[in-house]
Amino acid sequence: MPYLYDVNSKESIRDFARMLEDSCVAEALEKNAMYGGMPTGESSLVPSKEYSGKGGFGQYLEEVYFGKRNDSYSRADFEAAGLELKTTPLKKLGNGEVRAKERIVLGIMDFMTIVNESFENSHFVSKNLDILLVFYFHDSLKEYCNLDIPLVDIWNCIKEDGYQIRKDWEYIVNKVKEGRAHEISEGDTLYLGACTKGATRETSQREQPFSPLLAHARAFCYKVQYVNHIYQVLLDRKQNRTVSYVHIINSPETELEQIVQNKFSPYIGMNVLMICQLLKIPFKPKVKNFYAMITKRILGAEETQQIYEFQAADIQIKTIRIEPNGKCKESMSFKQIRYEEIVDQEWEDSDFYMELTSKFFFIIFKHDHPDDPYVLDRVIFWNMPEKDLEVVKRVWLDAHNKISTGDYKHFIQSSDNQIAHVRPHAKDSSDVMRTPQGTFEKKKSFWLNRNYIMDILLNA
DNA sequence: GCATGATCATGC
DNA sequence: GCATGATCATGC
């Protein structure tokens with residue numbers, strides 16, 4: 001069969017794939033026909049079998065657009081060229097901004113053999129060096145051939161972010177080496193994550209080499225935050241935009257956490273007013289990005305610059321205030337619950353899970369007297385341990401089930417001591433949101449209990 | 001106008 | 001003193 005691309009050339013495959021950009025499969029095939037025919041000589045948009053579910057669009061694309069049959073999944077998609085095809089869905093937010101809808105799953109981990117691999121010679125690197133990304137707008141009402149494809153490009157994570165990808169890989173593998181595969185969490189790492197694999201917890205338990213405990217089967221993935229970053233970087237390149245970044249990690253030896261601690265250390269013990277004076281930023285603690293701005297400046301970025309790692313991993317900067325009694329005052333709020341969306345979501349694809357498996361950067365202030373200004377006590381990086389995620393999963397499932405059945409009155413409360421709770425988060429009590437039942441209910445959010453936040457600080 | 005980080009007000 | 005519901009303030 002004549003291909004319209006050279007199966008041995010990444011560039012050729014990419015260029016062929018790029019005819020999908022700002023277009024859709026149906027349109028691109030028409031364009032291709034004008035240039036000399038279909039990739040396989042076929043002219044049908046109808047695949048040999050019906051594809052559906054996760055990965056369905058990818059399989060459809062391989063057959064209908066690239067003229068390949070999906071007979072094997074373990075081989076690289078374009079084996080001869082060393083290129084892996086990944087279709088990745090996007091969604092539009094209410095304000096029109098575009099976000100990745102999901103993580104990109106990169107292949108399952110074998111706990112038993114991975115402990116003998118080095119990063120350079122790893123299965124991960126050999127399989128995922130170059131990935132051909134086809135970003136499309138998720139739309140369950142459209143046929144695959146009509147899905148909008150705004151961006152197509154190759155991502156080489158080693159070239160772009162090699163130092164941190166390597167650290168992430170080694171962090172995950174080290175947990176297996178320490179006999180702690182069952183404690184791996186997607187929140188452990190910045191870009192490369194370890195997401196769970198398998199339908200249920202019960203059927204997805206695997207043995208690990210250095211512990212008798214079974215661990216949840218896991219796959220490497222690009223975390224959803226990193227997928228957002230990839231999309232943004234590739235889009236900026238396509239549109240010839242340049243963004244000014246300050247990189248914290250610039251050699252294999254640099255540790256994000258260490259550098260950040262060093263940069264913050266001169267400011268520990270100072271009150272916020274003094275810090276603002278030194279950094280020459282106005283003291284406006286009510287401004288929404290006030291603490292993000294302080295962080296940026298302390299880490300050496302100008303107002304118009306971004307800290308690369310914070311943006312690429314979407315590290316959540318949160319301030320915590322400790323009162324004279326040693327306790328923190330408030331619970332920590334998260335995004336409001338979209339009642340109509342949550343009922344269709346699985347826990348591990350939910351907004352709350354994505355937020356909780358981000359890395360957190362806590363800026364902790366305290367004061368010894370209610371009238372004293374807050375003093376910077378310390379900063380810590382944190383991510384939620386796997387066992388706590390399991391608890392929050394129950395809170396989420398409870399909310400998920402209650403929303404599905406139309407019960408908006410009996411969510412898990414702070415006093416239930418389940419790490420997280422649900423409570424109102426709105427402009428006022430008339431600020432409501434549509435539900436799957438077609439009614440309107442007060443806007444609510446998930447919150448992390450303030451007791452839990454205090455426990456984190458005590459143990460950190 | 002809306003989302004969200006922050007904080008208040010009430011009542012047990 | 002704390003949980004819970006409610007609301008404010010600001011940026012985009």
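Throughout, a chain's letter reflects where its sequence line sits, starting with A, and its residues are numbered from 1.
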Quick check: are there more than 12 heavy atoms from other residues, nucleotides or ligands sitting under 6.0 Å from NZ of A:K427?
-> no
Interatomic distance, A:E323 CD vs C:dG1 C1' [rounded to whole Å] = 13 Å
Whole-Å distance separating the CD1 atom of A:I412 from the C1' atom of C:dG5 = 18 Å
Any A:S415 side-chain nitrogen or oxygen under 4.0 Å from OP1 or OP2 of C:dC2 = no
Look at atom CD of A:Q305 and say whether more than 12 heavy atoms of other residues, nucleotides or ligands are closer to it than 6.0 Å.
-> yes
Please check if any side-chain donor atom of A:T435 sits under 3.5 Å from a side-chain acceptor atom of A:E441, or the reverse.
-> no
Above 12 or not: heavy atoms from other molecules or residues under 6.0 Å from NZ of A:K197?
-> no
Under the 6.0 Å and 45° cation-pi test, does A:K442 pair with A:Y408?
-> no
Taking atom types as modelled, find out whether A:N156 and A:E160 have a side-chain donor-acceptor pair closer than 3.5 angstrom.
-> no
Ordered by number, residues from residues 350-378 of chain A within less than 4.0 Å of DNA chain B (heavy atoms) are none
Aromatic ring proximity A:Y144/A:Y136, centre distance under 6.0 Å | no
Partner residues of A:E309 under the side chain to side chain contact (heavy atoms under 4.5 Å, CB included) criterion, sequence neighbours left out | A:Y191, A:H247, A:I248, A:I249, A:L256, A:I307
Distance, rounded to the nearest Å, where A:I320 contributes CD1 and B:dG5 contributes P | 13 Å
Please find out if less than 6.0 Å separates the ring center of A:W347 from that of A:Y353.
-> yes
Residues A:H421 and A:N449: side-chain donor-acceptor under 3.5 angstrom | yes
Whole Å only: how far is the CD atom of A:Q418 from the C1' atom of C:dT4?
-> 17 Å
Of all of residues 436-448 of chain A, which get a heavy atom below 4.0 angstrom from DNA chain C, listed by number?
-> A:K442, A:W447
Within the structure, does a side-chain N or O atom of A:S429 lie under 4.0 Å from either OP1 or OP2 of C:dT7?
-> yes
Check the surroundings of atom NZ in A:K366: do more than 12 heavy atoms from other residues, nucleotides or ligands lie under 6.0 Å from it?
-> no
So what does A:N451 touch, heavy atoms closer than 4.0 Å: a base, only the sugar-phosphate, or nothing?
-> sugar-phosphate
Hits for side chain to side chain contact (heavy atoms under 4.5 Å, CB included) against A:M274, two or more places apart or cross-chain, chain-then-number order -> A:M270, A:N271
On the ring face of A:Y339, is A:K402 found with NZ or CZ under 6.0 Å from the centre and within 45° of the axis?
-> no
Using the 3.5 Å cut-off, write out each protein N or O paired with an N or O of nucleotides 8-12 of chain C and the distance between them.
unit_1: C:dC8; atom_1: N4; unit_2: A:A426; atom_2: O; d: 3.2

Indicate whether OP1 or OP2 belonging to C:dC2 is found under 4.0 Å from a side-chain N or O atom of A:R450.
-> yes
Could you state the CD1-C1' distance from A:I294 to B:dG5, rounded to the nearest angstrom?
-> 15 Å
Which of residues 326-338 of chain A sit near DNA chain B, with a heavy atom under 4.0 Å from it?
-> A:K329, A:E330, A:S333, A:K335, A:Q336
Is A:K142 salt-bridged to A:D148, going by a charged N under 4.0 Å from an acidic O?
-> yes
